[in-house]
Structure formats: C-alpha cells, structure tokens
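Here is the structure we will look at, set down as structure tokens.
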Amino acid sequence: MKPMCGIVGYIGQKQAQNILLEGLRKLEYRGYDSAGIAVYNDGKLNVKKTKGPLSALQQLTDKDPLSGEMGIGHTRWATHGKPSDENSHPHMDEKQQFSIVHNGIIENYLDIKEELQEKGYTFASETDTEVIAHLLSELYDGDLVSTVQKAVKRMEGAYALAIANVMEPDKLVAVRLASPLIVGVGDGENFIASDIPAILEHTRDVYVLNDGEMAVLTQDRVELFTTDGTPVNRDMLHVTWDAATAEKDGYEHFMLKEIHEQPKAIRDTLAARLKEGVVDLSREISLTPEELKRFDKVHIVACGTAYHAGLIGKSVIESLVRIPVEVDIASEYRYRNPILTPSTLVIVISQSGETADTLAALREAKQAGARVLGITNVVGSSVAREADEVLMTWAGPEIAVASTKAYTSQLIAIYLLGLYLARVLGTQPEEQLLEVTEALPRLSEQVKSILEDHGSIRKFAEKIAQHENLFFIGRGLDYPVVLEGSLKLKEISYIHSEAYAAGELKHGTLALIEEGIPVIALATQQAVHDKMVSNIIEVKARGAHVLGLGLEGRTDLDRSVDEHITIPETLSLLTPVLSVIPLQLLAYYTSTARGINVDKPRNLAKSVTVE
Ligand code: AGP
C-alpha cells in the first residue's frame with residue numbers, strides 16, 4: 001500500500017485554488033515529489049500539476065491562476081511511476097469529465113488497465129491512479145455516486161480518493177479504504193483531506209471516514225454512506241490540536257510518530273509481495289532464475305543505519321540462499337578496490353536514495369560490470385533511477401533525521417529478497433521457507449504490542465540520561481541491532497555509547513566496565529543465549545548496571561540483570577525487527593529527558609549528499 005500522499009478537496013463559495021494550495025502545504029510532510037490541483041469553472045475542470053515540491057506548483061498558479069469554487073489537490077509520494085508532470089495528480093479521463101486524486105495503491109490496476117486498453121482507452125501516465133479516472137468514465141451511468149460505487153467494487157488495494165466531475169459540479173465525492181481520509185465541515189463550505197492539518201485553518205469539526213465508507217459533499221451538506229450505499233450516521237469530531245501538533249498526528253516529534261508508524265510500514269512493505277506464504281518479487285526484479293543462479297557473491301553497501309540493516313542482510317542471505325555476502329560501509333568500499341565480477345550482485349541500501357558515498361559505490365559497481373540492486377524508500381531517487389533492479393521500501397516519507405521506520409522496512413525488504421532468492425534457487429526446503437513467511441506478517445502486530453507498553457523503557461531512559469558513557473552488547477543477529485541502538489542513542493542524545501559483540505569484551509573493552517556504568521544487553525538469539533547470559537554476568541561482576549532485553553517467556557535472563565524488558569517471541573532470524581523498537585524508544589526518551597531537539601539533532605542532516 002502506498003504509504004503516503006496528501007489529498008485535499010474544497011467545495012464552497014470561496015475561490016478554491018489558494019485553499020487547496022494552503023491545505024497541500026500543510027500535508028507536504030506526506031510527500032513532496034510532485035503536486036497538482038484541479039478547479040471547476042464554467043463546465044470544465046482545469047488542471048495545474050508539476051513535478052517537484054509544492055513551490056513549483058505555486059509558481060504555475062501564480063503565473064496563471066485557476067478560478068472556481070470547487071476543486072481537488074494532491075501532493076505526491078511516488079510509488080507507481082517516477083516523479084514527473086504526467087505521473088503527478090490529478091488524473092483525468094480522456095473526455096476530461098472526471099478528475100481524481102488518490103492516496104494508496106490499486107493492486108489490480110494492471111488487470112483493469114489491460115481491460116480498458118482492449119476497449120480503446122489510452123493512458124497518459126504510468127500510475128495506478130489514472131486507471132480509476134478511465135474506469136469511472138467507462139462505468140458512468142448518469143449518477144456520480146452510483147458510478148463511484150460500481151468502480152469501487154472493481155478496485156483492490158488501498159485508496160483514499162477525492163473525485164470531481166463536470167456533470168455534477170455541485171458535488172465532490174470522497175472514498176476511503178485503508179488510507180486515512182477526513183471530511184471537514186464548514187459554514188457554507190466543506191473540505192476533504194488526508195489529515196487534519198490541511199483544514200484546521202478553516203474548521204475544527206471533522207468526520208473521520210472509516211474503511212469502506214464514502215462522503216458526498218455539496219456546499220452546505222455532507223452525507224456519509226458505506227461504499228455499497230448504506231447511509232452512515234456519525235458524530236463529528238471537534239479538533240483541539242494546533243497545526244504543528246496535527247502534522248505530527250498528535251505526537252510531540254516526527255521521530256516518535258515514525259516509530260509508531262512501523263506496524264503500517266511493515267504491512268505496506270510486505271503487501272502485494274507475500275501471498276499465501278509465497279514471496280513473489282518477479283514484478284520488481286527482472287533477473288531471471290538463470291541469471292540469479294549465476295551470482296556467486298553478494299556485496300551489500302550502505303551508510304549509517306542502512307549499513308546496520310545490511311549487516312542483518314548478510315546473515316539472512318547467507319543462511320537462506322547460501323551465497324557468501326560481504327558488507328561494507330560505502331565510504332570505505334568505494335576506495336578499497338573491491339573484487340567485482342559480472343557474477344557479483346551488489347545490493348545498495350539507502351532510505352533517501354541520495355547518499356553520496358552509497359551512490360558512488362553503486363556507480364563503481366556498475367562500471368565494474370556487477371549487477372546492482374537498490375533498496376530505497378524514495379521512488380525517483382538517484383538509487384531508484386540508477387540501480388539495475390529496485391526493491392522499494394514503503395515506509396513513507398521519513399522526516400526525523402534519526403531513521404527508524406525506514407530501518408525496519410529495509411529489514412522486511414531484505415527478508416523478502418532472501419526468501420524470494422531461496423525459493424527461486426531452491427536453496428531451502430519449502431517447509432522451512434513457509435515457517436518464515438508465516439511469521440513475517442505477525443511482526444506488524446508484535447511491534448504494535450511493544451509500542452503499546454513502553455513505560456519501563458521510558459523509566460530506564462530517564463536513568464541513563466544522567467550518564468555520558470554506556471555500552472550495548474549482543475551476539476549473533478543481536479550484534480548489528482545493538483550497533484543500530486547505539487547509533488540512535490548517540491545521534492539524538494549525544495551520549496558516548498559503544499556497541500560490542502558480547503564475546504569480544506574480554507579482549508579489551510571489559511577494562512572500561514566500572515561501578516554503575518549502564519550496559520544494555522540484547523539476548524534474543526536462542527543459539528547463543530547461554531553464552532550471552534555469561535557475558536552479562538561478566539559485566540555485572542565489574543559493577544555494570546544492566547538492562548537485559550530478551551524474549552517473553554525466557555525467565556532465566558531475569559536473574560542476571562538489574563532491569564528486564566521483553567519482546568514477543570518470533571524466529572531468531574526475525575527478532576531484529578522487534579528488538580530494535582525498545583532501543584529506538586530508549587534513544588527517543590533519553591533525548592527528550594536531556595531536552596534535545598529530537599527531530600533535528602546537532603551536526604546531522606537527513607540525507608548526506610556530500611562525500
Ligand atoms: C540514521 O539515523 C542516520 N540518519 C544516518 O546514519 C543514515 O542512516 C545514513 O546517512 C544513510 O542514509 P540513507 O539511508 O538515506 O542512505
């Protein structure tokens with residue numbers, strides 16, 4: 001499901017253009033790679049849309065304003081079709097009767113598109129959304145509402161829609177399924193929006209649509225129905241938040257909001273790729289099984305948090321696909337003259353898709369004849385454009401500098417890749433793959449349960465906020481996770497924390513363990529659990545204050561630590577998606593306890609586009 005775009009709609013007595021643009025400005029955190037509006041005037045829906053941030057659209061409308069009192073608007077986070085003028089919304093049908101803005105993904109859009117093309121329809125864009133405009137035109141029966149209801153029956157996936165039409169310009173229709181949508185109720189005017197910030201300036205009275213519901217708006221009325229036509233009675237919500245808080249969905253910081261968006265980011269990144277226990281990436285990865293069989297080595301290259309996801313990737317691909325994997329920090333990789341051949345698969349991981357060192361590594365690998373697969377969160381980014389193969393994460397825009405939901409989505413993408421390669425190359429028995437594909441979808445709810453109860457993490461954070469130094473330890477797959485936990489803490493709390501493979505401590509670092517120093521110990525890996533417990537006892541013996549993070553039901557850890565936090569049980573291979581959550585929260589609450597600007601920590605940028 002498309003994580004995020006921003007949609008707005010207005011019908012009233014005022015000029016719609018600036019109300020739509022202002023609403024989109026408040027939704028730009030949802031997507032900012034292209035934008036557009038359509039305004040009804042004198043029998044026509046006039047559209048202005050362009051690639052680039054909202055300011056580009058503003059320039060267009062400054063030059064040639066659109067007049068009219070009804071319209072819709074959109075700010076995009078590309079999924080189907082790169083950011084371009086043609087792919088930006090609104091989309092129209094050929095007769096220019098319907099105009100659509102959409103947030104979500106129509107999973108069966110290719111089937112509907114082929115069917116319409118056979119009937120002679122031609123398409124102007126690569127998007128799934130444009131299919132809806134032509135479908136409405138095909139199904140139009142003289143009544144907008146019943147036409148929309150018929151079209152909805154044909155569409156699979158997630159969608160929040162605002163629909164305008166020239167035949168019934170006194171109406172706007174909004175439809176919701178699995179993407180957020182609200183209707184704002186004004187005096188002689190009404191609004192549609194993906195989120196509250198867009199309309200707060202005009203009204204604080206809103207209807208929140210539920211899945212499978214639609215709203216029909218006129219200037220002075222809002223009617224709610226289910227998409228099969230049953231009237232819906234619903235109390236209006238009166239919003240008391242200010243705009244800034246609303247942009248963060250009521251969370252104090254974007255980082256906390258994004259931490260809480262992980263259950264959805266995991267579901268979205270899994271969706272349409274994992275069906276009935278089978279992972280299918282053949283629509284995204286064009287490499288044939290024969291070509292995949294030729295790879296004898298994998299290089300994973302990335303920076304920062306993405307590099308930590310790469311370290312998990314090594315274990316996943318080596319254990320499932322049995323191909324040797326090397327993992328490199330991009331700034332080192334590009335100068336170490338790596339051994340690259342046409343049978344090397346290079347995987348670059350980058351949330352932004354614009355990190356200079358990772359891009360340089362990508363280009364170097366391609367030059368050396370290797371095949372490059374990019375895992376990125378931004379459609380149309382340099383990595384997405386330059387890699388030979390692309391596997392998108394659907395985490396949605398990540399605003400906070402400290403990466404959280406992009407990291408867990410990268411892990412999901414890596415599991416999907418490992419499972420797909422193992423199935424295509426036949427390197428694991430079906431039943432073993434099934435065990436993993438059955439556990440994967442449960443992660444979303446398990447993350448949710450961790451997020452619902454994090455009081456003890458917060459308390460521990462307030463304690464460590466007093467310290468200037470601390471350690472993280474872990475073994476096996478817990479080691480890359482503590483590296484990530486330590487990075488999160490460093491970058492937003494400015495505490496000097498080090499993460500170590502627990503077995504390595506006694507080779508030197510143990511000398512730094514002294515009375516009262518906090519140690520965060522991850523013990524989720526069954527195979528090395530007892531070894532991990534002995535390492536914990538080692539640091540305890542030197543006076544460390546230990547927070548142990550283990551699996552529900554494993555009580556033996558309790559005896560060895562000062563404070564104990566548990567995560568739901570899952571396969572050892574999958575625990576990194578769960579065990580990182582408490583560490584993200586720990587960093588967040590330590591940072592707030594130290595009064596630091598969590599979303600914009602000192603000396604750091606969200607995307608490092610220089611070497
Ligand atoms: C993580 O919290 C940091 N923002 C940083 O380490 C980041 O992961 C790194 O700069 C890589 O960014 P990318 O994923 O956009 O390439």
Side-chain angles (χ1 to χ4, degrees), residues 266 269-270 279 281 292 295-330 333 344-349 373 375 391 393 406-425 427-429 432-440 443 446 472-487 499-504 521-532 535 549-551 567 569-581 583:
I266 290 167
T269 303
L270 278 176
V279 174
L281 301 180
L292 287 171
F295 291 122
D296 57 11
K297 192 166 55 178
V298 172
H299 285 182
I300 300 180
V301 188
C303 302
T305 288
Y307 167 74
H308 294 149
L311 291 171
I312 306 275
K314 173 180 172 66
S315 303
V316 170
I317 293 173
E318 287 188 347
S319 60
L320 291 179
V321 194
R322 309 307 292 152
I323 293 182
V325 179
E326 292 173 21
V327 189
D328 277 87
I329 293 165
Y333 185 80
T344 311
L345 174 65
V346 174
I347 301 175
V348 298
I349 309 176
L373 183 148
I375 295 178
L391 198 52
T393 55
Y407 171 75
T408 42
S409 306
Q410 285 158 2
L411 296 186
I412 297 296
I414 284 165
Y415 292 129
L416 288 169
L417 181 64
L419 290 160
Y420 177 66
L421 294 178
R423 183 169 67 78
V424 172
L425 301 175
T427 51
Q428 296 300 326
Q432 189 171 331
L433 296 180
L434 201 58
E435 200 194 352
V436 184
T437 54
E438 281 173 352
L440 263 179
L443 291 172
Q446 292 175 314
F472 287 81
I473 55 174
R475 276 178 175 261
L477 277 176
D478 286 339
Y479 174 45
V481 177
V482 291
L483 283 171
E484 175 54 14
S486 175
L487 175 65
Y500 279 88
E504 186 58 11
L522 234 56
T524 73
Q525 299 297 299
Q526 310 285 8
V528 288
H529 186 78
D530 301 344
K531 303 275 180 259
M532 189 58 209
N535 294 133
L549 202 159
L551 299 174
I567 57 170
E569 179 117 20
T570 184
L571 302 173
S572 283
L573 189 71
L574 302 181
T575 56
V577 174
L578 304 181
S579 58
V580 76
I581 308 294
L583 304 186

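Not measured: the values here are computed from a predicted model. Index from 1, following the sequence.
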Search all heavy atoms of [X] against all heavy atoms of [Y] and return the closest pair with its distance.
X	Y	value
Asn535	Ala502	OD1-CB, 3.4 Å
Leu477	Pro576	CB-CG, 4.1 Å
Asp478	Gly474	CB-CA, 4.0 Å

Under 3.5 Å, is there a donor-acceptor pair between the side chain of [X] and the main chain of [Y]?
X	Y	value
Ser486	Val482	no
Gln428	Leu320	yes
Gln446	Glu569	yes

Between [Y] and [X], is there a side-chain heavy-atom distance shorter than 4.5 Å?
X	Y	value
His529	Leu551	no
Ile567	Ile581	no
Tyr407	Leu487	no
Thr575	Leu571	no
Glu484	Thr305	yes
Leu425	Val321	yes
Val348	Leu373	no
Ile317	Ile347	yes

- Message: Restricting to side-chain hydrogen bond (donor to acceptor under 3.5 Å, both in side chains), what partner residues turn up for Glu318, sequence neighbours left out?
- Response: Lys314
- Report the residue from Ile349, Leu483, Val481 that forms a side-chain contact (heavy atoms from CB on, under 4.5 Å) with His308. Leu483
- Message: Gln410 and side-chain contact (heavy atoms from CB on, under 4.5 Å): which single residue from Thr269, Ile312, Thr393 fits?
- Response: Thr393
- Message: For a side-chain contact (heavy atoms from CB on, under 4.5 Å) check, start with the C-alpha distance between Leu583 and Leu549, then their side-chain angles and the critical distance, and finish with the verdict.
- Response: CA-CA 9 Å; Leu583 304 186; Leu549 202 159; 4.0 Å; yes
- Give the intermediate values and the outcome of side-chain contact (heavy atoms from CB on, under 4.5 Å) for residues Ile300 and Glu326. CA-CA 6 Å; Ile300 300 180; Glu326 292 173 21; over 6 Å; no
- Message: Counting neighbours of NZ on Lys297 that are heavy atoms of other residues, nucleotides or ligands and sit closer than 6.0 Å, is the number greater than 12?
- Response: yes
- Stepwise side-chain contact (heavy atoms from CB on, under 4.5 Å) check, Met532 with Thr524: CA-CA 9 Å; Met532 189 58 209; Thr524 73; over 6 Å; no
- Tell me, with the steps shown, if Leu292 and Leu345 meet side-chain contact (heavy atoms from CB on, under 4.5 Å). CA-CA 9 Å; Leu292 287 171; Leu345 174 65; 5.6 Å; no
- Any chance you could measure Ile375, atom CD1, to Ser409, atom OG, to the nearest 0.5 Å? 11.0 Å
- Between atom CD of Gln525 and atom NZ of Lys531, what is the distance when rounded to the nearest 0.5 Å? 15.0 Å
Without placing hydrogens or testing angles, list every side-chain donor-acceptor pair under 3.5 Å for residues 411-423, not counting sequence neighbours.
from: Tyr415; atom 1: OH; to: Leu573; atom 2: O; distance (Å): 2.7
from: Arg423; atom 1: NE; to: Val279; atom 2: O; distance (Å): 3.2
from: Arg423; atom 1: NH2; to: Val279; atom 2: O; distance (Å): 2.8

